[in-house]
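Take a look at the structure below.
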Amino acid sequence: MKKKVVVGMSGGVDSSVAACLLKEQGYEVIGVTMQIWQEENPDEASENGGCCGLSAVDDARRVAWTLGIPYYVMNFRREFKESVMDYFVAEYLHGRTPNPCIACNRYVKWEALLTRSMEIGADYIATGHYARVMELPNGRFTVRNSVTAAKDQTYALYNLTQEQLKRTLMPVGDYTKEEIRRIAERNGLAVAKKKDSMEICFIPDNDYASFIEKSADNVPGAGNFVDMDGNVLGCHKGITHYTVGQRKGLNLSMGRPVFVTEIRPETNEVVIGSGDDVFSDRLCCSHVNWMAVDGLHKESRRVTAKIRYSHRGAPCVIRELPDGTVECLFETPQRAITPGQAVVFYEEDHVFGGGTIL
RNA sequence: UGGGCCAUCGCCAAGCGGUAAGGCACAGGACUUUGACUCCUGCAGUCGUUGGUUCGAAUCCAACUGGCCCAG
């Protein structure tokens with residue numbers, strides 16, 4: 001009896017090849033594109049390689065046809081709006097910097113898609129992520145780096161649950177990007193040369209501030225740039241325009257580069273400091289998802305932590321604080337530890353756990 | 001309005017008679033399946049104004065305009 005797997009197809013190369021590989025491996029493959037937001041300008045989004053819009057459906061459908069697999073479009077607009085877009089806007093309004101891809105993975109690409117796939121009798125769901133699901137000796141599931149560390153996407157997957165991982169396949173993680181493109185070509189997939197997607201899919205023009213203004217009623221307005229001693233340095237456009245570590249767009253001519261070191265929503269202030277001021281060797285995080293273990297159990301642990309998607313990772317020690325949050329002490333100070341971003345802990349090449357930076 | 005000082009790109013600033021450094025900011029690009037960071041490229045046909053000296057002036061001289069300081 002063939003195992004049935006639903007592949008989330010974005011219309012891009014990676015997920016197309018994922019479907020292709022699974023079919024070769026003998027699975028009964030069903031292609032599904034999740035419709036998650038309404039594009040205003042499909043042409044533009046397609047040029048930018050937008051990941052989940054209407055034009056994506058055409059590409060995905062064509063690939064499914066080429067592979068000879070059934071193909072469906074599922075509507076997840078409500079889930080996406082509630083779990084990703086609303087969260088995204090709310091975080092910015094509170095002076096934090098969210099990572100929508102992580103929320104999308106946990107709540108839409110997995111939770112929603114998995115639930116519905118189970119309903120139609122699937123055994124697994126699969127995606128085109130550059131990561132590999134692995135079962136540890138302790139019986140728990142985690143994700144480990146893809147064979148190409150450069151394309152690794154485990155950071156964005158740290159929040160998946162054991163139940164989700166148990167039913168997840170990521171065939172693309174065994175190959176390099178070059179190999180994936182070759183496989184696509186060899187199988188005559190029309191998307192072989194399609195440009196990689198970039199930027200947040202629901203904000204193709206990359207103008208976050210405008211998006212937030214359109215989505216929220218009470219967006220905090222102009223306020224003061226202040227230095228660490230409280231001196232006013234200038235006027236900012238509203239805290240939603242800034243993030244910790246930011247240099248460009250401040251319009252502050254101090255004779256030397258200056259950076260955002262802190263955002264204070266209570267006072268509507270954006271704190272400015274030098275390049276050195278943006279380094280810190282400590283962070284606290286909450287909403288922790290343990291992956292390789294079921295908890296820290298009052299022990300501290302040496303791990304490698306990534307504080308942003310493109311971070312190489314830095315050695316640190318983590319421990320649970322009495323209030324339930326987790327403290328992370330780095331051996332060397334890290335740049336721009338930013339509230340709202342995820343910190344992901346690694347042990348060897350797999351995800352140990354992760355949380356949201358406070 | 002007695003004396004002194006200063007006026008060079010949006011900001012700071014080099015230049016001291018030989019044909020406008022640099023930094024910050026800004027713009028564009030690269031990188032990047034989050035925000036950022038980083039990197040690359042661009043950015044004063046002109047030196048407050050008007051005259052003068054000189055082969056040649058941002059650089060010297062004069063007046064004017066504006067600003068600062070000290071006197072009163």
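Residue numbers begin at 1 in each chain, while the letters A, B, ... track the order of the sequences.
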Seminar exercise, completed: In numerical order, the residues of residues 334-344 of chain A whose heavy atoms come under 4.0 Å of RNA chain B are A/Arg335, A/Thr338, A/Gln341
Is there any protein nitrogen or oxygen under 3.5 Å from a nitrogen or oxygen in nucleotides 26-30 of chain B, and what are the pairs?
unit_1	atom_1	unit_2	atom_2	d
B/C26	OP1	A/Gly249	N	2.9
B/C26	OP1	A/Leu250	N	3.3
B/C26	OP1	A/Asn251	N	3.1

Exercise. With a cut-off of under 6.0 Å to the ring centre and 45° to the axis, is A/Arg335 in cation-pi contact with A/Phe259?
Worked result: yes
Exercise. Would A/Arg116 count as a cation-pi partner of A/Phe76, with NZ or CZ less than 6.0 Å from the six-membered ring centre and within 45° of the ring normal?
Worked result: yes
Exercise. So A/Thr176 and A/Tyr130, side chain to side chain donor-acceptor pair (under 3.5 Å) or not? Walk me through it.
Worked result: CA-CA 8 Å; A/Thr176 65; A/Tyr130 283 82; over 6 Å; no
Problem set entry | Side-chain-base donor-acceptor pair under 3.5 Å for A/Thr97 and B/G35 | no
Exercise. Any salt bridge between A/Asp294 and A/Arg140, counting N to O under 4.0 Å?
Worked result: no
Problem set entry | Cationic N near anionic O, under 4.0 Å, A/Arg167 to A/Asp123 | no
Exercise. Will you find, in the side chains of A/Thr33 and A/Tyr71, an N or O donor that is under 3.5 Å from an N or O acceptor?
Worked result: yes
Exercise. Under 4.0 Å between a side-chain N or O of A/Tyr208 and OP1 or OP2 of B/G35?
Worked result: yes
Exercise. Would one find a side-chain N or O of A/Asn206 under 4.0 angstrom from OP1 or OP2 of B/G35?
Worked result: yes
Exercise. Counting side-chain heavy atoms from C-beta on, which of B/U32, B/A36, B/A25 comes nearest to A/Pro257?
Worked result: B/A25
For this session: Look at the side chain of A/Arg308 and decide which nucleotide, out of B/G35, B/A25, B/U38, has an atom nearest to it.
Result: B/G35
Exercise. Should the ring pair A/Phe211 and A/Phe202 be called parallel, tilted or perpendicular, given that the plane angle runs from 0 to 90° and is split at 30 and 60?
Worked result: tilted
For this session: Please state whether the rings of A/Tyr242 and A/Phe225 are parallel, tilted or perpendicular, taking 30° and 60° as the class boundaries.
Result: perpendicular
Problem set entry | Identity of whatever pairs with B/G2 - Watson-Crick or G-U, under 3.5 angstrom | B/C70
